[in-house]
Amino acid sequence: TTTASRQILVTHVGAKSPADGVVKVDDVILGANGKPFADDARKSLALAIQEAETAAGAGALKLTVWRAGKAQELELRLRVLGTYG
């Protein structure tokens, strides 16, 4: 179970994925869209991805990442798929 997790360690970045060249192996994802994860990190990230893929989200997924001893903001560009009902 990942219920208590509040961070995600990146162990692989898919080639030609939206994260390729932006996110690196050993980055630690601390939050999304300007907020630290306050609940299960995997579920929170999934919800942030879902929101970014809406027309209102315009495909922008902003991540707070810990890299080389400091936090930084990264942005991934996702395809807009529409709003789920």
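Keep in mind that the numbers below use all heavy atoms, side chains included, and drop hydrogens, waters and symmetry copies. Positions are given from 1 along the sequence. Since the model is a prediction, treat every value here as computed from it, not as a measurement.
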Which pairs pass salt bridge (charged side-chain N to carboxylate O under 4.0 Å, His left out) with one or both residues in residues 69-80, sequence neighbours excluded? Glu75-Arg77
Report the distance from atom OG1 of Thr54 to atom CG of Leu78, rounding to the nearest 0.5 Å. 10.5 Å
Out of curiosity, Leu45 CG to Asp40 CG, how far, rounded to the nearest 0.5 Å? 10.5 Å
Would you tabulate the side-chain donor-acceptor contacts of residues 9-18 under 3.5 Å, counting partners in other chains and residues two or more places apart, or write 'none'?
residue	atom	partner	partner atom	Å
Ser17	OG	Gly14	O	2.7
Ser17	OG	Ala19	N	3.3
Ser17	OG	Asp20	N	3.4

Who pairs with Ser44 by side chain to side chain donor-acceptor pair (under 3.5 Å), at least two apart in sequence or on another chain? none
List, by chain and number, the other hydrophobic cluster members for Val80, where Ile, Leu, Val, Met, Phe, Trp and Tyr join if side-chain heavy atoms come within less than 4.5 Å, directly or indirectly. none
Which residues share a salt bridge (Lys or Arg N to Asp or Glu O under 4.0 Å) with Glu51, sequence neighbours left out: none
Does Leu76 share a hydrophobic cluster with Val65, counting links as ILVMFWY side-chain heavy atoms below 4.5 Å and allowing steps through other members? yes
What donor-acceptor contacts under 3.5 angstrom involve side-chain atoms of residues 24-38, with partners at least two apart or in another chain?
residue	atom	partner	partner atom	Å
Asp27	OD1	Arg67	NE	2.8
Asp27	OD2	Lys24	N	2.8
Asp27	OD2	Arg67	NE	3.3
Asp27	OD2	Arg67	NH2	2.8
Asn33	OD1	Lys62	N	3.4

